[in-house]
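Each ligand, and each atom within it, is numbered from 1 in the order the structure gives.
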Amino acid sequence: RMRRRSSEHMKWNGTGSTAHFQEIVLERCYNYTQLVQPALRDRDCQKIREAFRNAFISKDPCSATEEDYHPLMKLVNQTVPCDKTVFWSKTKELAHQYTKVQREMFTLEDTLLGYIADDLSWCGDAGSHEMNYQSCPHWKKDCSNNFVSVFWGLLSKRFAENACGVVQVVLNGSISNAFDGKSTFGRVEVHNLNPMKVHMLQAWVIHDLGKFPSDSCSGSSINDLSWIIKQRNIKFTCQDNYSSVKFLQCVKKPEDSSCR
Ligand code: NAD
């Protein structure tokens, strides 16, 4: 018994399922549908929790497919209004602060499924009806087709496909490549914008306060992004340190020289 438990512990290199995963999913679902976004008040949170669990439970955690999540996606079925979509890459906290202040703007984590799953970890095992709380596959060290990566890949793809009007992206100017073609934004979201619906992508490149700017709108990574977007018949603009986002950093650190 003891030996089996310890070998289970060593199975994967990623963090195990989040403790109280089921309860957190249910609680976040009710919070979102009843309080945050009452337009979704008729969604069935018990069914959503069950569909989420059924997507991965009793399955090989390295054999996830998008189809596994289709019943869950079908249950939720949420659309974001035009001009309100905000993507991000290496700027999660700042992008979330931005949409929190701009109330009616949406990052993926301001939609129900993104809200439910943000920062959680989950996996099961082919031979068990239980979740594995000891370890889950790491997306680089174990397998890329794990249930967490496939979930975010599919959700990001659908979020981009459904976007319309003018869309925005918050990028990090304090790393060497503000735009990274291998990130989810660069690999999935950029290529799934629908040129029939999306007129323009506005990029905001934001430098961390007190850090040396490493990239900007005139750098080569943004030039690559601009080229890809224009190639897809979507207009592109870029602005360094857009004030609506910059001010959020200054609220936290008003004494910084760049906030004067
Ligand atoms: P990023 O590099 O800052 O990554 C965001 C987070 O996702 C990080 O914690 C990263 O470790 C993780 N991540 C990235 N690719 C992954 C993968 N294949 N498997 C498991 N985890 C992975 O920024 P990004 O990659 O450009 O992703 C951000 C964009 O994609 C956003 O626009 C958002 O809509 C969506 N997204 C959100 C999440 C999330 O955790 N909330 C995760 C992936 C993608």
Could you tabulate the donor-acceptor pairs under 3.5 Å formed by side-chain atoms of residues 201-211, not counting sequence neighbours?
unit_1, atom_1, unit_2, atom_2, d
Trp204, NE1, Gln168, OE1, 2.9
His207, ND1, Asn241, ND2, 3.0
His207, NE2, Asp215, O, 2.9
Asp208, OD2, Lys211, NZ, 3.2

Worksheet item: Who pairs with Val101 by side-chain contact (heavy atoms from CB on, under 4.5 Å), at least two apart in sequence or on another chain?
Response: Leu248
Item to complete: If the plane angle is over 60° it's perpendicular, under 30° parallel, otherwise tilted; pick one for Phe151 and Trp122.
Response: perpendicular
Fill in: Sub-4.0 Å heavy-atom environment of ligand 1, residues by chain
Phe87, Trp88, Ser89, Lys90, Leu108, Glu109, Asp118, Trp139, Ser149, Trp152, Ser156, Ser183, Thr184, Phe185, Glu189
Item to complete: Please check if the side chain of His191 supplies one atom and the backbone of Gly186 the other of a donor-acceptor pair under 3.5 Å.
Response: yes
Worksheet item: Under 3.5 Å, is there a donor-acceptor pair between the Asp180 and Ser183 side chains?
Response: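 Looking only at side-chain atoms, Ser183 and Asp180 do not form any donor-acceptor pair under 3.5 Å.
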Worksheet entry | Residues which pass salt bridge (charged side-chain N to carboxylate O under 4.0 Å, His left out) with Asp256, listed by chain and number, not counting sequence neighbours |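 Asp256 satisfies salt bridge (charged side-chain N to carboxylate O under 4.0 Å, His left out) with Lys253 only.
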